2 protein chains.
Amino acid sequence: MISIMIDLFNRLNSETFVQRTVSKGQLVFHQGDATRYLVYVLSGALVLLRHKSDGEEVIVHTARSGETLAEAALFTDHYHCDCKAAEETELVLLPLAVIRNAMREDQVFAQDFIAHLCHQIISLRTRLELVAITSAKERVFAGLTEGLHTGTIRELAAQVHLTPEATNRSLAQLVKDGRLRKLGRGRYRV
Amino acid sequence: MISIMIDLFNRLNSETFVQRTVSKGQLVFHQGDATRYLVYVLSGALVLLRHKSDGEEVIVHTARSGETLAEAALFTDHYHCDCKAAEETELVLLPLAVIRNAMREDQVFAQDFIAHLCHQIISLRTRLELVAITSAKERVFAGLTEGLHTGTIRELAAQVHLTPEATNRSLAQLVKDGRLRKLGRGRYRV
DNA sequence: GGTCAATCATGATCGAAATCATATTGTGTC
DNA sequence: GACACAATATGATTTCGATCATGATTGACC
């Protein structure tokens, strides 16, 4: 999926888009900035953040490898959120003008971009149903089945919206039930 | 948003697509059926269902007014889920061949369809963050702020993935806190 | 006006996850 | 090899939402 998108973007005017590495905590854009880019994540994670009236940061979305974000930027003049790297992240900045032009003039691009968006919709729906599972054990199992365990237990916990403790206990219980195999400390497999 | 999509679909070969009303419980398509249509919801609600190995039904997604569903059908030969009306629903069946042709040959359609998909992504992300709020009271408040309270308390509860009792108690507490106004039995306002 | 079903609203209880705390382990650095 | 640190793993307690139950209200139907 990622390589399809790379091929897709490579067929655009590749002089104008920028591949970058941003370190953890670094901002990609600020809320209120004029919209210039769609952002595509190669590896790592970006979070979209809003600030509450009391200054607290609220994560509106986490984008991971293979996802675009700030799609709203295609239709608005200013970004509605901050965008920050949750960990060291490799990304591609895609100028909106190039994207819009390609949507108009490159039918293959438009179709493949539609395919990409449809996959994101499907993925988000799957995630929504997962997060709605009330049982921590079943939610963690669904998370592993869905291939969400790629990094640390803390990262898995963040993805399934549980505390690390609840995630750990669920993993331990699933191993005990014979539904998961423990490969080592912090590493589990369906 | 809905009327934009109606205009959009009306510019297609409207002879070929079908507007229908389905009653609650009626199936629109079965898992395994050959994919023929994209489904657009005018009013009511459709659920996508999978069957677990023990025969239990799992709701994979609920589509409401203004949403398309079965986007995966654009890319697969067979539907992966059953689709059933959760209540009396008015919908439009859009032949995939027409959609695919329009994507290729009608650039305005392709762009507007991209806009529609982007809005669904944004909406799903918002909903995902809402469902992940652990406090029932805050989740219900976010739900009302987001305009999810359009029907019964039961329907609101289903949208925010809480039980009707928890939703009711949260609403009562929010009124007591002065954060919501109660307009009548089962009717609340920010 | 009476009946009925569905929804709203509330009460009591229980279990699970969050929270707070602590011990252990693995990795990176010196 | 020693040390520091972060993550994993586990323990104890608290909180809150799910569950089960019941009464009240409302709208549709006859």
Side-chain angles (χ1 to χ4, degrees), chain A residues 23-25 44-45 56 58-59 85-88 128-144 148-177 179-189, chain B residues 23-25 44-45 56 58-59 85-88 128-144 148-177 179-189:
Chain A
S23 50
K24 178 173 174 170
E56 189 187 344
V58 178
I59 294 180
E87 57 193 70
E88 181 170 286
L128 186 59
E129 295 306 319
L130 184 149
V131 167
I133 296 170
T134 50
S135 158
K137 191 166 84 168
E138 294 309 323
R139 195 188 302 181
V140 166
F141 186 73
L144 261 75
L148 298 186
H149 181 34
T150 54
T152 66
I153 299 297
R154 292 185 85 86
E155 287 165 356
L156 173 62
Q159 298 241 54
V160 300
H161 291 276
L162 288 167
T163 61
E165 295 93 327
T167 302
N168 238 298
R169 297 186 219 281
S170 298
L171 288 164
Q173 186 59 51
L174 288 162
V175 170
K176 191 174 177 180
D177 291 348
R179 293 169 71 188
L180 285 190
R181 284 198 290 113
K182 183 171 183 175
L183 308 181
R185 195 176 111 112
R187 297 196 296 114
Y188 297 81
R189 174 82 148 279
Chain B
S23 49
K24 180 171 170 169
E56 186 187 346
V58 179
I59 294 180
E87 58 194 69
E88 181 169 286
L128 185 61
E129 295 305 319
L130 184 148
V131 167
I133 296 169
T134 51
S135 157
K137 191 167 82 166
E138 295 308 323
R139 193 188 303 183
V140 168
F141 186 73
L144 262 76
L148 299 186
H149 182 33
T150 54
T152 66
I153 298 297
R154 288 185 89 82
E155 286 166 353
L156 172 62
Q159 298 240 51
V160 300
H161 290 274
L162 288 167
T163 63
E165 294 93 329
T167 303
N168 239 299
R169 297 188 218 281
S170 299
L171 288 163
Q173 185 61 51
L174 289 162
V175 170
K176 191 174 178 181
D177 292 348
R179 293 169 70 189
L180 285 190
R181 287 196 293 112
K182 182 170 183 175
L183 307 183
R185 194 174 112 107
R187 299 198 291 111
Y188 296 82
R189 177 80 151 275

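Throughout, a chain's letter reflects where its sequence line sits, starting with A, and its residues are numbered from 1. A quick note: this is a predicted structure, and the numbers were derived from the prediction, not measured.
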**OP:** Would you indicate what B:Thr152 reaches in the nucleic acid, counting non-hydrogen atoms under 4.0 angstrom: base, sugar-phosphate, or nothing?
**Re:** sugar-phosphate
Original post:
Is A:Arg185 side chain donor-acceptor paired with the D:dA7 base, going by distance under 3.5 Å alone?
Top reply: yes
Original post:
With the threshold set at 4.0 Å, does a side-chain nitrogen-carboxylate oxygen contact exist between B:Glu129 and B:Arg139?
Top reply: no
**OP:** Please determine, for the side chain of B:Leu162, which listed nucleotide (D:dG17, D:dA9, C:dT19) has the closest atom?
**Re:** D:dG17
**OP:** Among D:dC20, C:dA17, D:dA18, find the nucleotide with the atom closest to the side chain of A:Ala166.
**Re:** C:dA17
**OP:** Tell me which of A:Arg139 and B:Ala172 sits closer to the 5' end of DNA chain C, going by the nucleotide each one is nearest to.
**Re:** B:Ala172
Subject >> Given D:dT8, D:dG17, D:dG11, the nucleotide with the shortest approach to the side chain of B:Ser135 >> reply: D:dG17
Subject >> Phosphate-side-chain proximity, A:Thr163 and C:dA18, N/O vs OP1/OP2 below 4.0 Å >> reply: yes
**OP:** Check whether any side-chain N or O of A:Tyr188 sits under 4.0 Å from OP1 or OP2 of D:dA9, and answer yes or no.
**Re:** yes
Original post:
What's the CD1-P distance between A:Ile133 and C:dA16, to the nearest Å?
Top reply: 16 Å
Original post:
When we call it a touch if two heavy atoms are under 4.0 Å apart, what does B:Arg154 touch: a base, just sugar-phosphate, or nothing?
Top reply: sugar-phosphate
**OP:** Find the distance A:Ile153:CD1 to C:dG26:C1' and express it as a whole number of Å.
**Re:** 14 Å
Subject >> Most 5' of B:Ser170 and B:Glu165 on DNA chain D, judged by nearest nucleotide >> reply: B:Ser170
Original post:
Is the side chain of A:His149 donor-acceptor paired with the backbone N or O of A:Glu155 at a distance under 3.5 Å, no angle test?
Top reply: no
Original post:
With sugar-phosphate meaning primed atoms plus P, OP1 and OP2, does B:Lys137 contact a base, only sugar-phosphate, or nothing at under 4.0 Å between heavy atoms?
Top reply: nothing
Subject >> Phosphate OP1/OP2 of D:dA9 contacted by A:Asn168 side-chain N/O (<4.0 Å) >> reply: yes
Original post:
Whole Å only: how far is the CZ atom of B:Arg169 from the C1' atom of D:dC16?
Top reply: 11 Å
**OP:** Give the rounded distance in Å between these two atoms: CG of B:Leu171 and P of D:dG17.
**Re:** 13 Å
